[in-house]
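Below, chain A is the first sequence line, B the second, and so on; all start at residue 1.
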2 protein chains.
Amino acid sequence: MRVRLKDIAEDLNLSKMTISKVLRGQTDISEATRARVLQRVRELNYIPNISASSLRTGQTRTMGLVLPALGVPHLAQIAAGISKTLSREKYELIVSSSENDLETEQKQIGIFLSLQVDALLLVSLQETTFFFEELQGRTEMPVVFVGSRPSGVTEQYVGLDEEEVGRIACEHLLQSGCRRVAYIRGSHSVSGDMRSRGYRNALRRNGIEVQPDLIIETMSPQQSEYQRGCEAMERLLSHRRRPDGVMTYTDMLAVGAMDAASRSGMRIPEDMRFAGCGNDPLLCHMRIPLTSVDTGGQDLGERAGKLALRLVGHPKGKGVRWALVKPKLVKRRSSEGSR
Amino acid sequence: MRVRLKDIAEDLNLSKMTISKVLRGQTDISEATRARVLQRVRELNYIPNISASSLRTGQTRTMGLVLPALGVPHLAQIAAGISKTLSREKYELIVSSSENDLETEQKQIGIFLSLQVDALLLVSLQETTFFFEELQGRTEMPVVFVGSRPSGVTEQYVGLDEEEVGRIACEHLLQSGCRRVAYIRGSHSVSGDMRSRGYRNALRRNGIEVQPDLIIETMSPQQSEYQRGCEAMERLLSHRRRPDGVMTYTDMLAVGAMDAASRSGMRIPEDMRFAGCGNDPLLCHMRIPLTSVDTGGQDLGERAGKLALRLVGHPKGKGVRWALVKPKLVKRRSSEGSR
DNA sequence: ATGAAAGCGCTAACAT
DNA sequence: ATGTTAGCGCTTTCAT
């Protein structure tokens, strides 16, 4: 049988209460007893039963994170950031994946509710607030949205400043001397639209007209991102007036685009500069080191973790609202030098 | 306040017990009552308190998985495989990451023990059995090692047949007509050694002598894997007699090697065939589609999940022992055709 | 400084 | 077919 408080108590001829107090760091215990207890606790390898303590206190010092998928670097960074922040306050993070499925996400949330975690952090797939409004009625558990949010949610949200992503990439290329900056975007998405807005604004602010044919949507879902990058580039190269700078929605699109450009005899960065997005450690250090917008998963996670910590124990609706994390540009050779 | 069994019971003028029985699918309840209860349960959005039920039953229908990192495709596949298998039996998986840190791993294991999960699945960093021997004394919780194991562990282990990884890659290249197969391996590791053995055996079985200078170790940790692949290839190209087939420890090494080979005028696959390892969806669909050994993360996860399910409730030491999952070769253009 | 009693929400075992 | 009792391991409250 597992060691319980009672076992330690009987072993030392003390009451359960004394052991419990020692373990929770209460101060009304003599130093001598404290030492004896701690010693024996270690010897017997006592593991507290969170179920029991949770049942009594309503707390688990544990938070739950639901991600659309494991295996995605950006999401992993978010998780790492949260985990790091929580552990500073002696909270632990447990994760589960919704496998990009809306219903699975709801199920996973249900499990965390059942497990009595102290707060819920969600990189949510839900597009509406419907599910969460229902949730409000059932529980007072704090919920923090990270990186994405159902439309309409404005509180308890930590996100990336997507418009800024588009802006800094474009601004950087312009400052490197580019005049015709193309944007290879992914398929339609809210973040895609916002980055696109940042891109347009940067152009306008620099007195450059937005050219619709320099914005390429790549959405054939059968093709790999690499291929889509290649094809987008080929379309851009077929223009009468070719772009002299290219930014992309993801790093892999940039890798494909750079390859296609190289094959056509373009020199990078001399003839054409590139900026990707994601700052993927694998992809950014391939052939031509790729300038990329770091979408700051770790930062995002840390902010979200802090928000969750502040929410714990606060009556609902109190406390902090939301934060937008700024992306950072990481310059590498693909956009080096200026003209 | 959250809805409890008691609330539903009072609401319907029944006892807690009746509600509990309905929710657990006991059969000694009239259809009429069952229907009433289920209806009200849904209306009130009842969420069971696992802490309470766990305290009573000692079960949570939840298992814990500790990974060295999130964000790694192979590990994510393992997690997905486990999760899929468990959910068929109404078990749930929660995950945590040790961030490649030995002590963090032990801490995460402790949390899962505290949370009373029904079994523990570990892609463990521990190299010795020391920690787990200590664990044995504290708990009867079933532990399954996945993909890696402390030396000496032979039970409750589901792993990849690493020797076979090396063998099938080499065998495939030989069957495609290669006579001088090189192996670009990573830095030293147990799995690296085993794959190397598979490679050597395949050569020998085909009556080809192992040439030490065709085995390249790439271990400069500052460099990216891509660069290390390039450099390894350059070394191979400088040999008097160049290889006509190259296999690598990872897909990224193959991508780098292929690029270096292409730059030197080698045609792929005509002059030189390549096989990577990992079957990374991103990397295998770049420039030249890459033949790769699929290390079957999903399979591994499913087998591990099944093993864990069989272990639950069994007295320790009973039940299944271990399984080795066979890798599968996925052929693509980099090794196409024969001579 | 230490301990006794009660109860968190649930369910096993046993009535009725 | 439904309900009663007791207790899982812990902590809150209130003695001593």
Side-chain angles (χ1 to χ4, degrees), chain A residues 1-38 40-41 44-62 113-118 138-141 313, chain B residues 1-38 40-41 44-62 113-118 138-141 313:
Chain A
M1 192 49 202
R2 259 177 85 141
V3 182
R4 298 153 304 165
L5 280 191
K6 197 173 169 230
D7 301 317
I8 299 172
E10 286 170 2
D11 188 276
L12 295 174
N13 272 319
L14 290 165
S15 76
K16 293 192 297 174
M17 249 346 276
T18 308
I19 318 295
S20 173
K21 281 177 173 170
V22 169
L23 288 173
R24 280 172 302 125
Q26 307 260 83
T27 48
D28 55 350
I29 299 286
S30 77
E31 261 318 311
T33 322
R34 170 186 309 285
R36 273 176 73 215
V37 169
L38 286 176
R40 205 80 192 98
V41 158
L44 293 177
N45 273 319
Y46 170 71
I47 300 166
N49 183 327
I50 294 192
S51 289
S53 102
S54 156
L55 187 56
R56 191 64 250 255
T57 64
Q59 302 230 332
T60 53
R61 294 203 85 78
T62 292
L113 292 174
S114 272
L115 280 173
Q116 315 291 117
V117 295
D118 294 346
R138 300 191 254 176
T139 170
E140 281 102 51
M141 190 178 293
Chain B
M1 191 51 201
R2 257 174 87 142
V3 181
R4 298 154 303 163
L5 279 190
K6 197 176 170 224
D7 302 317
I8 299 172
E10 286 169 0
D11 189 276
L12 295 175
N13 272 317
L14 291 165
S15 76
K16 294 193 294 175
M17 237 4 257
T18 308
I19 317 296
S20 173
K21 283 176 171 172
V22 169
L23 288 173
R24 281 173 302 127
Q26 308 261 79
T27 47
D28 55 350
I29 298 287
S30 77
E31 259 320 310
T33 319
R34 168 186 313 285
R36 271 176 74 214
V37 170
L38 287 176
R40 204 79 191 99
V41 159
L44 293 177
N45 273 321
Y46 170 71
I47 299 168
N49 184 327
I50 293 194
S51 289
S53 110
S54 156
L55 188 56
R56 189 66 250 250
T57 63
Q59 303 230 329
T60 53
R61 296 204 82 80
T62 292
L113 291 175
S114 271
L115 280 173
Q116 314 291 117
V117 295
D118 294 344
R138 298 192 255 177
T139 169
E140 282 102 49
M141 192 179 292

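Taking atom NZ on B/K16 and atom P on C/dG7, their separation rounds to 12 Å, with Å as the unit. The interatomic distance linking A/L12 (CG) with C/dA1 (P) rounds to 18 Å, in whole Å.
Nearest nucleotide to the B/M17 side chain, out of C/dT11, D/dG9, C/dC10: C/dT11. Comparing D/dG7, C/dC14, D/dT12 by their nearest atom to the side chain of B/K21 picks out C/dC14. In this structure, of D/dG9, C/dT11, C/dT2, it is C/dT11 that holds the atom nearest to the side chain of B/S53. Which of C/dT11, C/dT2, D/dT2 sits closest to the side chain of A/S30 comes down to C/dT2. Of the candidates C/dG9, D/dT4, D/dT12, C/dG9 carries the atom nearest the B/R56 side chain, counting heavy atoms from C-beta on.
One finds a side-chain N or O of B/Y46 lying less than 4.0 angstrom from the OP1 or OP2 phosphate oxygen of C/dC10. The phosphate of D/dA1 (OP1 or OP2) has no side-chain N or O of B/T18 nearer than 4.0 angstrom. For the OP1/OP2 pair of C/dG9 and a distance below 4.0 Å, the side-chain nitrogens and oxygens of B/R2 include no atom meeting the criterion. Remark: A/S15 is not in phosphate contact with C/dT2, judged by side-chain N or O atoms under 4.0 Å from OP1 or OP2.
Within the nucleic acid shown, A/D28 comes within 4.0 Å of at least one base atom, counting heavy atoms only. Residue-level contact check: A/S51 touches neither bases nor backbone, having no heavy atom under 4.0 Å from any strand.
One side chain, A/Q116 or B/R2, offers a donor N or O that lies under 3.5 Å from an acceptor on the other. Between the side chains of A/S51 and A/S54, no donor-acceptor pair is found at a separation under 3.5 Å. Side-chain atoms of A/R24 and A/S20 include a donor-acceptor pair closer than 3.5 Å.
For A/L14 against A/R36, the heavy-atom pair with the smallest separation is CD1-NH1, 4.4 Å.
When the nearest nucleotides of DNA chain C are assigned to A/T57 and A/N13 by heavy-atom distance, the more 5′-ward of the two goes with A/N13. Nearest-nucleotide assignment on DNA chain C puts the 5′-proximal partner with B/L55, out of B/R24 and B/L55.
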